[in-house]
Amino acid sequence: MNYTNVLGIDVGGSGVKGAIVNTKKGEMLTDRFRIPTPKIASPESISTVINEIVKHYNWSGPIGAGFPGVVQNGVIRTAANVDNSWINTDIDSLLSKATNCPVNVVNDADAAGLAEMKFGAGMGNKGLVLLITVGTGLGTVMFSGGKLVPNLEMGHIILKGDDAEKYASDAARKNDELSWEIWASRFNEYLKRLEDLTWPDLIIIGGGVSKKTELFQGLLKSRAKLIPAQFMNNAGIVGAAYAARYKYKLSQK
Ligand code: BGC
């Protein structure tokens, strides 16, 4: 078995995406394969979709997946944008059984952060780096001295009386039919709150919106330097694969 290559999967609010990743180079070796997230994103329906991705690549090696909720040692603890029945599910065991492959799952923002810090926009940065994934939800992850602080759920700080992600995510922009200017002014309020709480040296913006950076980058305001994610929306796939290799201590040389 080739342990350098891992099937990376990103479970998102609107799509479940996968690709085979060379985890030494941080490179996707195949095109991305995407299946729309089932309406009821339950353990059963998501397992089925992940199995379709495994079959698509005829894959039988290790799998690393990113999940949009708190993942503590392979167990899901929160499910803001997927079905509540995920809570307390041992996702590593569930998906390992469903796919017949060893599966390691981490939070999706943590996965994206790992990819950007190891191979992308934050490579080599030893300061305090905050990465925000802007998509269906708001995913947040911080690194200090290159070390990850897992499950930082800053998408749920209260802004305007509600979860920040209901106000400033890409889904909020679409639902509330906001222009990029209005969305950016909301996101700037969010950035200010995060910066006042955490004082990062560098902010990286990833997730679904990073495909359209040119539409809003000039509109964002922050104290810290702010840059787009290099892997754009593929960071979750690459980082989840990397985390799995790391977990299994696969060909570390
Ligand atoms: C979840 C986070 C996740 C983020 C992005 C939030 O609703 O609570 O765990 O990282 O969405 O998907």
Side-chain angles (χ1 to χ4, degrees), residues 8-18 34-38 40-43 46 49-50 64-89 91-92 104-117 122 129-143 148-160 162-175 183 186-187 190-191 193-194 197-198 203-211 228-229 231-240 242-243:
I9 292 179
D10 185 17
V11 179
S14 63
V16 183
K17 299 140 270 183
R34 180 183 188 277
I35 299 177
T37 305
I40 299 179
S42 63
I46 295 289
V49 163
I50 288 180
F67 182 89
V70 170
V71 187
Q72 259 183 334
N73 304 317
V75 178
I76 302 303
R77 299 297 186 194
T78 68
N81 294 304
V82 285
D83 197 67
N84 271 335
S85 56
W86 273 107
I87 294 173
N88 295 331
T89 299
I91 190 169
D92 283 0
N104 179 61
V105 181
V106 295
N107 171 263
D108 58 353
D110 291 357
L114 283 170
E116 293 295 336
M117 293 303 285
V129 182
L130 171 66
L131 180 134
I132 309 170
T133 61
V134 188
T136 307
L138 287 174
T140 53
V141 56
M142 276 185 103
F143 291 81
L148 166 78
V149 180
N151 292 312
L152 184 78
E153 288 285 319
M154 297 277 236
H156 301 291
I157 60 169
I158 301 299
L159 198 62
K160 301 277 171 188
D162 206 344
D163 251 23
E165 68 178 23
K166 300 243 165 65
Y167 183 66
S169 66
D170 201 35
R173 180 185 65 80
K174 290 176 187 156
N175 290 341
W183 171 78
R186 286 188 180 191
F187 195 75
Y190 179 58
L191 278 175
R193 284 287 303 285
L194 288 190
L197 291 169
T198 62
I203 300 174
I204 303 174
I205 303 292
V209 294
S210 52
K211 288 176 287 190
F231 284 96
M232 298 197 266
N233 208 14
N234 291 333
I237 296 175
V238 173
Y242 175 77

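Residue numbers run from 1 in the order of the sequence given. Atoms within each ligand, like the ligands themselves, are counted from 1 in listed order.
Checked against salt bridge (charged side-chain N to carboxylate O under 4.0 Å, His left out), Lys174 has the following partners two or more places apart in sequence or in another chain: Asp170. Residues meeting the salt bridge (charged side-chain N to carboxylate O under 4.0 Å, His left out) test with Asp10, sequence neighbours left out: Lys17. Contacts of Lys166 classified as salt bridge (charged side-chain N to carboxylate O under 4.0 Å, His left out), with partners at least two apart in sequence or in another chain: none.
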Ligand 1 N/O to protein N/O, distances under 3.5 Å:
residue: ligand 1; atom: 7 (O); partner: Asn81; partner atom: ND2; Å: 3.2
residue: ligand 1; atom: 7 (O); partner: His156; partner atom: NE2; Å: 3.3
residue: ligand 1; atom: 7 (O); partner: Glu165; partner atom: OE1; Å: 2.8
residue: ligand 1; atom: 7 (O); partner: Glu165; partner atom: OE2; Å: 3.0
residue: ligand 1; atom: 8 (O); partner: Glu153; partner atom: OE1; Å: 2.5
residue: ligand 1; atom: 8 (O); partner: His156; partner atom: NE2; Å: 2.7
residue: ligand 1; atom: 9 (O); partner: Gly69; partner atom: N; Å: 3.3
residue: ligand 1; atom: 9 (O); partner: Asn107; partner atom: ND2; Å: 2.9
residue: ligand 1; atom: 9 (O); partner: Glu153; partner atom: OE1; Å: 3.4
residue: ligand 1; atom: 9 (O); partner: Glu153; partner atom: OE2; Å: 2.6
residue: ligand 1; atom: 10 (O); partner: Asn107; partner atom: ND2; Å: 3.2
residue: ligand 1; atom: 10 (O); partner: Asp108; partner atom: OD1; Å: 2.5
residue: ligand 1; atom: 12 (O); partner: Asp108; partner atom: OD2; Å: 2.6

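Nearest approach of Pro43 to Trp86, heavy atoms of both residues: CA-CZ2, 3.4 Å. When all heavy atoms of Gly135 and Ser169 are compared, the pair lying nearest together is O-CB, 3.4 Å.
Interatomic distance, Leu194 CG to Phe187 CZ, rounded to the nearest 0.5 Å: 7.5 Å.
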